[in-house]
2 protein chains.
Amino acid sequence: MKKKTSRLDVIKMIVSSQQVGSQEELLGILKNEGFELTQATLSRDLKQLKVAKAASVTGKYVYVLPNDIMYVRNVASTNASEMLMTSGFISIQFSGNLAVIKTKPGYASSMAYDIDIHNYTQILGTIAGDDTILLVLKEGTPPAQICKLLSFVNKDNDK
Amino acid sequence: MKKKTSRLDVIKMIVSSQQVGSQEELLGILKNEGFELTQATLSRDLKQLKVAKAASVTGKYVYVLPNDIMYVRNVASTNASEMLMTSGFISIQFSGNLAVIKTKPGYASSMAYDIDIHNYTQILGTIAGDDTILLVLKEGTPPAQICKLLSFVNKDNDK
DNA sequence: TTTTTCATCGTATAATTATTCTATTTTTGA
DNA sequence: TCAAAAATAGAATAATTATACGATGAAAAA
């Protein structure tokens with residue numbers, strides 16, 4: 001009851017915040033959190049939470065929440081924002097599960113390409129004209145998340 | 001090599017079109033397709049493909065691809081869909097009342113044209129880039145129906 | 001050609017995870 | 001409250017999957 005659901009919540013938090021490679025390992029972490037349970041119970045918990053074990057880019061198997069199942073974290077994009085920002089970006093607007101990016105003339109297709117190669121799971125695909133890019137977003141993805149992905153974050157001001 | 005990559009492709013198609021619950025089971029299906037391999041190799045393949053095993057709504061564990069992409073088998077189907085199947089089709093994904101079709105580079109516009117001329121009432125219109133097509137669907141149209149229209153039907157059975 | 005390197009894969013086995021069976025606790029309904 | 005039903009979980013084990021190791025073959029280098 002109370003105990004179980006709170007345990008499930010903790011499991012979700014652990015799994016989403018660190019790389020857990022086995023149920024034994026997760027069991028140890030839970031123990032530190034004050035949860036005493038066996039591997040059998042944990043297995044049932046994970047099944048209920050629909051947590052999956054998937055290969056990560058590092059070649060290890062880690063547990064992932066159902067929302068992240070398809071998500072491979074490719075973190076080598078520190079310069080991605082720089083690239084985007086310097087390649088004619090003008091604006092981005094959202095409408096439902098679509099986003100429209102305006103660019104300087106001629107910049108759209110190369111910028112769309114830059115977006116494409118990242119294989120963001122939240123962006124199903126892009127179509128570029130000359131100065132406009134249409135992004136089709138995964139359902140339910142908040143605009144802020146897309147902005148963050150594309151590093152269109154407002155770092156200095158809000159106006 | 002050639003053999004391995006084609007095998008990986010087949011695995012992707014199988015996993016995306018049917019509910020596979022174990023590597024043994026998948027091994028059997030692959031055998032029917034003419035692939036001889038062991039569970040060890042399959043385990044490695046799945047790791048490379050980043051296929052995950054996750055609990056499904058039915059309470060069973062099934063393998064899932066790292067995204068929602070529906071891969072399609074390239075079998076000749078003699079009708080209008082043959083054209084689609086042989087013209088660079090790669091994958092189709094859905095998001096709300098939109099579908100995004102990925103094609104080989106350069107194939108999108110001709111494929112979109114092929115779709116357009118059918119005047120499907122469930123497809124309001126298409127927009128094509130170089131390797132991506134956006135389909136705007138009539139509201140409420142289930143993805144499966146679109147796949148059927150476009151003859152992306154799952155021919156999953158054991159023959 | 002010969003050697004080296006690299007990728008692939010099978011065998012056997014280790015490691016991991018799911019489940020059966022049973023016990024205990026909690027909830028429900030009268 | 002009390003009995004029945006359902007939920008929860010542990011122990012043991014079955015089932016499943018990953019991997020160490022060695023073998024093989026193909027490509028690359030010498």
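The structure presented is a predicted model; accordingly, all values stated were derived computationally and were not measured. In what follows, every chain begins at residue 1, and chains take the letters A, B, ... in the order their sequences are listed.
- Put simply, NZ on A:K50 is 17 Å from C1' on C:dT17, counting in whole angstrom units.
- The distance between atom CG of B:L49 and atom C1' of D:dT17, rounded to the nearest whole Å, is 16 Å.
- Judged by distance alone with a 3.5 Å cut-off, no donor-acceptor contact links the side chain of A:E24 to the base of C:dA15.
- Comparing B:K47 and A:L37 along DNA chain D, the residue whose closest nucleotide (by nearest heavy atom) sits nearer the 5' end is A:L37.
- Not one side-chain nitrogen or oxygen of A:K53 sits closer than 4.0 Å to the OP1 or OP2 atom of C:dT16.
- Applying the 4.0 Å criterion to OP1 and OP2 of C:dT16, one finds that B:Y61 has every side-chain N and O outside that range.
- In this structure, the nucleotide among C:dC9, C:dT19, D:dA9 sitting nearest to the side chain of B:R44 is C:dC9.
- Proximity of B:I101 to B:T132: side-chain heavy atoms (C-beta onward) are nowhere separated by under 4.5 Å.
- Between the CG atom of B:L27 and the P atom of C:dT11 there is a distance of 11 Å, given to the nearest Å.
- Residue B:Y63 is grouped with residue B:L37 when hydrophobic side chains (ILVMFWY) are merged at heavy-atom distances under 4.5 angstrom, including chains of intermediate members.
- One finds a side-chain N or O of B:S43 lying less than 4.0 angstrom from the OP1 or OP2 phosphate oxygen of D:dA18.
- If you take CG of B:L8 and P of C:dC9, they are 8 Å apart, rounded to a whole angstrom.
- Residue B:T41 has its side chain nearest to C:dC9 when only C:dC9, C:dA18, D:dA18 are considered.
- Here the C1' atom of nucleotide C:dT16 and the NZ atom of A:K60 are 14 Å apart, to the nearest Å.
- In this structure, B:E25 and B:Q19 approach most closely via the heavy-atom pair OE2-O, 3.5 Å.
- Distance from the side chain of A:Q23 is smallest for C:dT17 among the nucleotides C:dT17, C:dC9, D:dT17.
- Nearest-nucleotide positions on DNA chain C place B:E36 closer to the 5' end than the other of A:L42 and B:E36.
- Taking atom CG on A:L46 and atom C1' on C:dA18, their separation rounds to 11 Å, with Å as the unit.
- Taking atom CD of residue B:Q39 and atom P of nucleotide C:dT13, one finds them 15 Å apart after rounding to whole Å.
- Of all heavy-atom pairs spanning B:L49 and B:L8, the tightest one is CD1-O, 3.8 Å.
- Counting to the nearest Å, the P atom of D:dT17 and the CD1 atom of B:I11 are 13 Å from each other.
- Residues A:L42 and A:V20 fall within the same hydrophobic cluster, defined by Ile, Leu, Val, Met, Phe, Trp and Tyr side chains chained together at heavy-atom separations under 4.5 Å.
- At a threshold of 4.0 angstrom between heavy atoms, the contacts of B:T38 include nucleobase atoms, whether or not backbone atoms are also involved.
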